[in-house]
Amino acid sequence: MDKWILIDGNSIANRAFYAMPPLTNSAGLHTNAVYGFTTMLLKLLEEEKPTHLLVAFDAGKVTFRHEGFSDYKGTRAKTPPELSEQFPIMKELLKAFGIAQFELAGYEADDIIGTMTRLADEKGVETLVVSGDKDMLQLASSKVSIAVTRKGVSEVERFTPETVNEKYGLKPHQIIDLKGLMGDTSDNIPGIPGVGEKTALKLLHEYGSVEGVLENTGELKGKMKERVEQHRDDALMSKKLATIFREVPLEGAEGGIAYGGFDAESVSAMFAKLEFRSLTERLNLSAPGAAQGAPKAELNVVPVDPGDTEAASLLAAAFKKPNALFLESVGDNPHHADIIGAALAAEDTVYVLPKALLEGAEGQFVRDWLSDPEASKIGCDLHRTELVLARLGVHLQGAEFDIQLAAYLLDPTESDQSVSGIAQRSGLPAVASDESVYGKGAKFKVPDNATLYAHLASKADAVRAIAPLQRAELEKSGMNRLYYELEQPLAVVLADMEKQGIKVDAETIQQLGKDLEHGIESSVSEIYRHAGTEFNINSPKQLGEILFDKLGLPVMKKTKTGYSTDADVLEKLEPYHDIIPLILHYRQLAKLQSTYVEGLLKEVRSETGKIHTYYRQTIAATGRLSSQYPNLQNIPIRLEEGRKIRKAFVPSEPGWYILAADYSQIELRVLAHISGDERLKEAFIHDMDIHTKTAMDVFGVSETQVDANMRRSAKAVNFGIVYGISDFGLSQNLNITRKEAAKFIEQYFDVFKGVRKYMDDIVMQARQDGYVKTLLERRRYLPEIKASNFNLRSFAERTAMNTPIQGTAADIIKLAMVRMQERLREEGLKSRMLLQVHDELVFEVPEDELEKMKTLVPEVMEGALALDVPLKADVNYGINWYEAK
DNA sequence: CTATTCACG
DNA sequence: ACGTACGTGAATAGA
């Protein structure tokens with residue numbers, strides 16, 4: 001079955017040019033429109049798999065339309081040279097792709113496309129028209145659909161006659177009447193002044209066409225009648241101008257637009273000239289220039305297959321030289337990931353270690369090397385590597401440098417943490433992306449050995465090359481201690497905790513699940529009764545229809561897809577209908593059931609009854625950890641019903657205890673330190689209740705006069721301060737007006753003057769340096785602090801205020817974790833550190849170590865870093881996590 | 001694959 | 001006038 005795609009070249013190039021940031025190659029040639037155009041083209045080729053493909057361009061300056069109306073397109077700004085220089089390139093690129101391009105003197109691209117769609121209609125060929133211009137909608141038919149670009153070029157909106165009708169209530173051919181009435185300023189089509197889309201649609205729904213409107217001006221009233229009558233000719237001419245000419249002499253042209261794939265060599269040569277590296281990769285083309293441009297010794301790759309004694313002895317010798325290790329495994333969760341293979345890069349040779357070697361008897365010498373603490377390793381994500389190797393019974397030791405961890409410190413907001421991404425940022429020769437080698441999702445597949453080995457080798461070699469560059473960068477940025485004394489040792493501590501895991505009593509969870517099930521069942525039937533119908537309560541869409549359409553409750557907030565039904569909204573709706581509290585209750589129970597009962601049970605290992613989370617050390621932009629598979633940093637505590645889940649977290653040995661210690665107000669203490677605010681420091685030096693103290697100072701009352709509401713407000717203000725306060729945010733949180741919130745903030749800053757100064761200074765500093773940093777010199781770059789867009793800039797400003805606070809708190813507990821693990825070892829304690837929850841550490845402790853740990857843990861936590869105010873950690877213990885409160 | 005919602009600090 | 005609180009991860013719906 002044939003499929004045609006017809007592209008309006010001028011229109012798409014224009015869209016791409018204005019949508020993309022300026023982009024030039026090293027010769028100074030502008031390439032952004034070509035780039036946008038090409039990405040769109042590739043997407044179409046991949047997704048639509050056309051048999052015929054045509055790009056139409058406007059030709060010359062004078063088209064037949066000018067014969068009737070000399071001002072046509074008169075308002076259109078002259079094409080900027082940055083764009084016009086890109087048209088020849090685009091045409092050259094199309095040639096390389098083997099894609100037909102038409103331009104015909106006297107006709108516009110529209111007309112060529114219009115004529116081709118007429119041919120398509122006559123032949124009954126499935127056709128897609130791609131343009132940035134809604135005029136094209138007039139061509140829609142049962143065979144021809146229209147894709148109109150929306151913001152940028154990658155997103156398109158598709159139209160068929162049905163969707164044109166849905167959107168405008170018009171038949172495709174009426175689009176020209178719409179233009180006739182409303183005009184189009186971009187093409188200088190006048191239409192009828194004062195008639196916009198709304199009015200034009202109303203008129204067309206009534207009278208069907210421009211002519212219909214003109215015949216019935218008698219029925220119109222007032223100003224409108226006057227305008228229409230005065231501009232009859234304009235309307236008729238505008239309609240004519242908007243009409244796409246479909247009789248361009250193109251008979252038989254369809255043979256010339258057949259598309260038979262492209263020649264990889266010509267395309268990759270073009271991409272190289274344009275310096276489209278990511279596109280080169282996307283097409284899996286090797287860059288032809290790479291070989292001569294960046295002379296790089298051909299990698300000497302030696303596979304070490306089991307039984308190959310010669311290769312094995314070379315490898316054993318390589319262990320003694322400086323080298324870099326890369327272990328490939330598949331699966332997001334390192335506790336379950338399967339090894340694919342590994343590679344070790346030493347000097348100019350890369351040894352590939354197939355899975356069979358790593359696992360088999362012949363590989364014992366490799367495993368011995370991996371677990372030798374004296375044999376140093378440079379790697380990429382050694383934390384993950386350690387967990388993956390643990391399942392072979394190998395305890396990875398001797399981490400010397402990790403390029404992923406370093407990349408994270410050098411830019412914690414960079415999302416691409418792969419060897420390929422890091423290599424690219426380091427200015428090294430390109431390393432193929434994993435996606436291009438393995439595919440992704442359902443298409444994931446380990447390639448043949450030759451391809452696989454080459455890929456593993458290039459990664460290990462890149463790791464080797466990247467490490468010294470990063471070491472220099474860390475040094476330059478003052479992050480040596482942060483890296484070598486904190487993050488790298490922490491990676492080992494985290495792996496210890498994760499391998500240890502925490503014991504969970506599955507029966508306790510199951511019992512809770514049964515209780516929840518009863519509660520959910522009765523909630524559901526009550527809700528259906530109130531709603532008068534059954535529906536999916538989990539669907540915000542269906543719930544919104546029930547609440548706001550059926551029951552007519554007031555709409556408080558909208559999301560971009562419809563009504564908002566979040567807890568905030570529902571709480572405001574409580575007085576209106578008895579169904580609301582039921583829904584809130586249902587939501588609470590359903591969350592507990594799905595995420596915490598079912599979710600946690602799925603993660604319990606049947607052999608040990610333990611859960612092993614995975615802490616991600618290179619994700620959070622502030623320096624915090626995050627936890628996955630499962631997330632053990634968001635186990636319920638605020639509401640009693642959920643808090644019961646914590647009863648299931650128990651010690652793994654009989655007679656032991658769970659001990660938990662958490663920092664008290666660590667973020668506000670950090671703020672007191674870095675702002676130097678005397679009043680805030682004073683409060684912590686005397687270990688006062690900080691929210692009460694804030695209320696006293698802000699409201700100017702004595703301690704006994706602070707009521708619960710004042711304290712609540714003060715607490716919200718303190719939170720706001722830490723988050724980078726805005727009156728709007730505070731007003732939302734406290735459910736007060738923005739004015740009132742602004743007044744609170746003003747009063748706060750009048751009292752805590754040092755805090756105000758810090759907030760002002762840090763934003764200025766971020767503007768000056770382009771980044772902010774924590775006490776331990778952890779950085780976060782904030783390029784958007786200079787954005788002209790208010791939203792982006794404000795966000796960056798709040799981040800500038802928050803990151804040093806949240807990040808320093810993260811530094812502190814990480815320090816405490818490294819020290820804690822050292823102390824446990826030094827003192828020969830059997831107690832184990834199991835979990836970290838941002839400001840809390842959880843241990844399992846034998847009874848005879850309880851007294852020791854009750855003093856040791858807070859001592860280490862409080863002593864992690866000396867600030868101008870004391871740090872404080874509270875400690876509790878019990879037979880499970882719930883009781884350790 | 002994205003949007004919404006909600007659990008935690 | 002702009003329209004948001006900072007940082008995460010997981011489950012579910014519905015294209």
If the cut-off is 4.0 Å, is A/T559 near the phosphate of B/dA3, judged by side-chain N/O to OP1 or OP2?
no
Base, sugar-phosphate, or nothing: which does A/V837 touch, judged by heavy atoms less than 4.0 Å apart?
sugar-phosphate
Using atom C1' in both nucleotides, what's the gap between C/dC2 and B/dA7 to the nearest angstrom?
32 Å
Would you say A/D416 and A/S418 are linked by a side-chain donor-acceptor pair, where the criterion is simply a distance under 3.5 Å?
yes
Ignoring backbone atoms, establish whether A/R624 has a side-chain N or O less than 4.0 Å from OP1 or OP2 of C/dT8.
no
Could you check whether A/A716 gets within reach of a base, just the sugar-phosphate, or nothing at all, counting any heavy atom under 4.0 Å?
base
Between C1' of B/dT5 and CD1 of A/I583, the distance in whole Å
14 Å
Of A/T799 and A/S726, the one whose nearest nucleotide on DNA chain C sits closer to the 5' end is A/S726
I want to check one thing: is the phosphate of B/dT5, taken as OP1 and OP2, less than 4.0 Å away from some side-chain N or O of A/T565?
yes
Salt bridge or not for A/D760 and A/R756, using N-O below 4.0 Å?
no
Can you check the distance between B/dC6 and C/dG3, where both ends of the measurement are the P atom (answer in whole Å)?
24 Å
Just how far is it from atom OG1 of A/T692 to atom CZ of A/R711, taken to the nearest 0.5 Å?
4.5 Å
For the aromatic rings, using the six-membered ring if either is Trp, is the centroid distance between A/H838 and A/Y663 under 6.0 Å?
no
OP1 or OP2 of B/dC6 less than 4.0 angstrom from a side-chain nitrogen or oxygen of A/R587, does that happen here?
yes
Can you measure A/I721 atom CD1 to C/dT4 atom P for me and round it to whole angstrom units?
21 Å
Around atom CZ of A/F719, are there more than 12 heavy atoms of other residues, nucleotides or ligands at under 6.0 Å?
no
Selection: residues 801-818 of chain A, any non-hydrogen atom under 4.0 Å of DNA chain C:
A/N802, A/Q806
For DNA chain C, which residues of residues 784-794 of chain A approach it to below 4.0 angstrom with any heavy atom?
A/F790, A/N791
So do the side chains of A/I805 and A/I674 get within less than 4.5 Å of each other, counting heavy atoms only?
yes
Rounded to the Å, how far apart are A/F744 CZ and C/dA5 C1'?
16 Å
Look only at the side chain of A/K814 and the backbone of A/G623, and say whether a donor-acceptor pair between them is shorter than 3.5 Å.
yes
Around atom NZ of A/K715, are there more than 12 heavy atoms from other residues, nucleotides or ligands closer than 6.0 Å?
no
Mutual orientation of the aromatic rings belonging to A/Y614 and A/Y629 [parallel < 30°, tilted 30-60°, perpendicular > 60°]:
parallel
Is there a donor N/O on one and an acceptor N/O on the other, under 3.5 Å, for the side chain of A/R780 and the base of C/dG7?
no
Assigned partner base of C/dC2, Watson-Crick or wobble definition, under 3.5 Å:
none
Side chain proximity check, A/I635 to A/L600, heavy atoms < 4.5 angstrom
yes
Report the distance from atom CG of A/L547 to atom P of B/dT5, rounded to the nearest whole Å.
11 Å
Taking the side chain of A/Q588 as its heavy atoms from C-beta onward, which of B/dA3, B/dT5, B/dA7 lies nearest to it?
B/dA7
Rounded to whole Å, CH2 of A/W881 lies from P of B/dG9 at a distance of 9 Å
Base, sugar-phosphate, or nothing: which does A/G724 touch, judged by heavy atoms less than 4.0 Å apart?
nothing
In the 5'-to-3' direction, what one-character label does each nucleotide of nucleotides 9-15 of chain C receive under the scheme B = base within less than 4.0 Å of a protein heavy atom, S = sugar-phosphate only, - = no such atom?
BSSSSS-
Touch class at under 4.0 angstrom, heavy-atom based, for A/I635 against every strand present
sugar-phosphate
Just how far, in rounded Å, is C1' of B/dC6 from CD1 of A/I645?
15 Å
With no hydrogens and no angle check, is any side-chain donor or acceptor of A/R778 less than 3.5 Å from a backbone partner on A/L482?
no
A/Y614 OH to C/dT8 C1', in whole Å, measures 15 Å
Does a donor on one side chain sit under 3.5 Å from an acceptor on the other, for A/R779 and A/Y781?
yes
Would one find a side-chain N or O of A/R638 under 4.0 angstrom from OP1 or OP2 of B/dA7?
no
Taking the side chain as every heavy atom from C-beta outward, state whether A/H691 and A/L668 have any pair of such atoms under 4.5 Å apart.
yes
I need the CZ-C1' distance between A/F649 and B/dC8, as an integer number of Å.
12 Å
